[in-house]
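Below: the structure, in structure tokens.
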Number of protein chains: 2
Amino acid sequence: MSEGAGKEVSIKRVFHALGDATRRAIVDRLSEGPASVSRLAAPLNITVTAVAQHLQILEECGLVHTEKVGRVRTCRIGTAGFAALQQWINDHRSSWERRLDRLEDFLDEEE
Amino acid sequence: MSEGAGKEVSIKRVFHALGDATRRAIVDRLSEGPASVSRLAAPLNITVTAVAQHLQILEECGLVHTEKVGRVRTCRIGTAGFAALQQWINDHRSSWERRLDRLEDFLDEEE
DNA sequence: TCAATACTGAAGTATTCACTTGACAATTAA
DNA sequence: TTAATTGTCAAGTGAATACTTCAGTATTGA
């Protein structure tokens, strides 16, 4: 409601999307530059269909942006999902920094 | 292998843990201060057993730290999970900042 | 001692999830 | 036109997940 971007990203979806190893692998691959669906599928040992399903999830939460030109869908890193993620961390930072300051508890946790 | 803390936190588990709305609610509640298991369960409309199951997941990935004294298990925010999360974002920041710089693509995404 | 409190453990269930197969559509190349 | 490439759609499967209930175990208070 306050962002420049038109997409509303739910943090739940972002977390869920990144909870899957295959989807994180896709994000990692796209971090190095754009790629087609089949190019993404190649090193993953899963079908192109499965990759397309992952891409839909990644796109819905703003982690990936795709565009189809001709018969090729080109995928690249999105920004909204990452922004939402950083925002969530910022919103919670104070509580765990506060906890970090409490030395006894911290050492306790180290065991 | 390089952290001061003794816990190795898998980012997969952190993302998976935070992908659930109930677990995020628990984290939110604990951000305001420590609480017992039953105190956490009260506003959630689920059984104490379910909360205990969530707590185990949250503890395994370092988002929550718990300690049982007498018959009461006291839960508080952990730090390792949040650190792992921030680390993951830092590791990926360059790629999406690079993307943000590309104005045409960015505007394209707003659409 | 007796009962209430606070949690734990095992087992079951309904739903979600990551994947597959197989059939199809659209674009590009020969 | 024909054939290969690239992706999409629908439906199904097995495993994981978020719960539940029921039966227990400690701990605390009266």
Side-chain angles (χ1 to χ4, degrees), chain A residues 9-30 33-78 81 108, chain B residues 9-30 33-78 81 108:
Chain A
V9 166
S10 116
I11 191 65
K12 175 191 167 98
R13 290 190 175 190
V14 174
F15 280 130
H16 167 249
L18 291 173
D20 182 82
T22 304
R23 285 191 289 263
R24 278 199 312 284
I26 291 175
V27 166
D28 286 348
R29 169 63 186 77
L30 292 180
S36 70
V37 178
S38 41
R39 212 173 156 83
L40 285 173
L44 291 175
N45 284 338
I46 56 177
T47 60
V48 179
T49 303
V51 171
Q53 287 164 357
H54 283 307
L55 284 169
Q56 194 179 345
I57 290 171
L58 288 167
E59 188 157 27
E60 273 170 3
C61 68
L63 286 165
V64 162
H65 176 61
T66 81
E67 191 185 9
K68 192 163 185 178
V69 167
R71 67 184 169 186
V72 176
R73 178 173 296 278
T74 301
C75 314
R76 48 196 94 205
I77 287 285
D108 213 26
Chain B
V9 166
S10 115
I11 190 64
K12 174 189 167 98
R13 290 190 175 190
V14 175
F15 279 131
H16 166 250
L18 292 173
D20 182 79
T22 303
R23 285 191 289 263
R24 277 199 313 285
I26 291 175
V27 166
D28 286 348
R29 169 63 187 78
L30 293 180
S36 70
V37 178
S38 41
R39 212 173 156 82
L40 285 173
L44 292 175
N45 285 338
I46 56 177
T47 60
V48 179
T49 304
V51 172
Q53 287 165 357
H54 283 307
L55 284 170
Q56 194 179 346
I57 291 171
L58 288 167
E59 189 156 26
E60 272 169 2
C61 69
L63 286 165
V64 162
H65 175 60
T66 81
E67 190 186 8
K68 192 162 185 179
V69 167
R71 67 185 169 185
V72 176
R73 178 173 295 277
T74 301
C75 315
R76 47 196 93 207
I77 286 287
D108 213 24

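Naming: A, B, ... by sequence-line order, numbering from 1 per chain.
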[X] [atom1] to [Y] [atom2] distance, which is reported to the nearest 0.5 Å:
X	Y	atom1	atom2	result
A:Lys68	A:Thr74	NZ	OG1	10.5 Å
B:Cys61	B:Gln56	SG	CD	11.5 Å
A:Arg76	A:Thr66	CZ	OG1	10.0 Å
A:Thr22	A:Ile46	OG1	CD1	5.0 Å

Completion exercise
Note: for A:Val72 and B:Arg39 on DNA chain C, the residue whose nearest nucleotide lies more 5' is B:Arg39
Problem - Qualifying residues under side-chain contact (heavy atoms from CB on, under 4.5 Å), relative to A:Ala35, sequence neighbours excluded - result: A:Arg29, A:Leu30, A:Arg39, A:Leu40
Handout entry: Of A:Val27, A:Ile26, A:Val37, the residue whose pairing with A:His54 passes side chain to side chain contact (heavy atoms under 4.5 Å, CB included)
Key = A:Ile26
Handout entry: Whole-Å distance separating the CD atom of A:Gln56 from the C1' atom of D:dT8
Key = 10 Å
Fill in the blank from the handout: Under a 4.0 Å heavy-atom criterion, DNA chain C is touched by chain A from C:dC17 to C:dT28
Exercise for the section: Can you see which heavy atom on B:Cys75 is nearest to which on B:Val64, and at what distance? Expected result: CB-CG1, 4.3 Å
Problem - Taking every non-hydrogen atom, the tightest pair across B:His16 and B:Arg23 - result: O-NH2, 3.4 Å
Exercise for the section: Return no unless some side-chain N or O of A:Ser38 is found under 4.0 Å from OP1 or OP2 of D:dT5. Expected result: no
Problem - Contact pattern, 5' to 3', of nucleotides 16-28 of chain D - B, S or - by protein heavy atom under 4.0 Å - result: -SSBBB-----BS
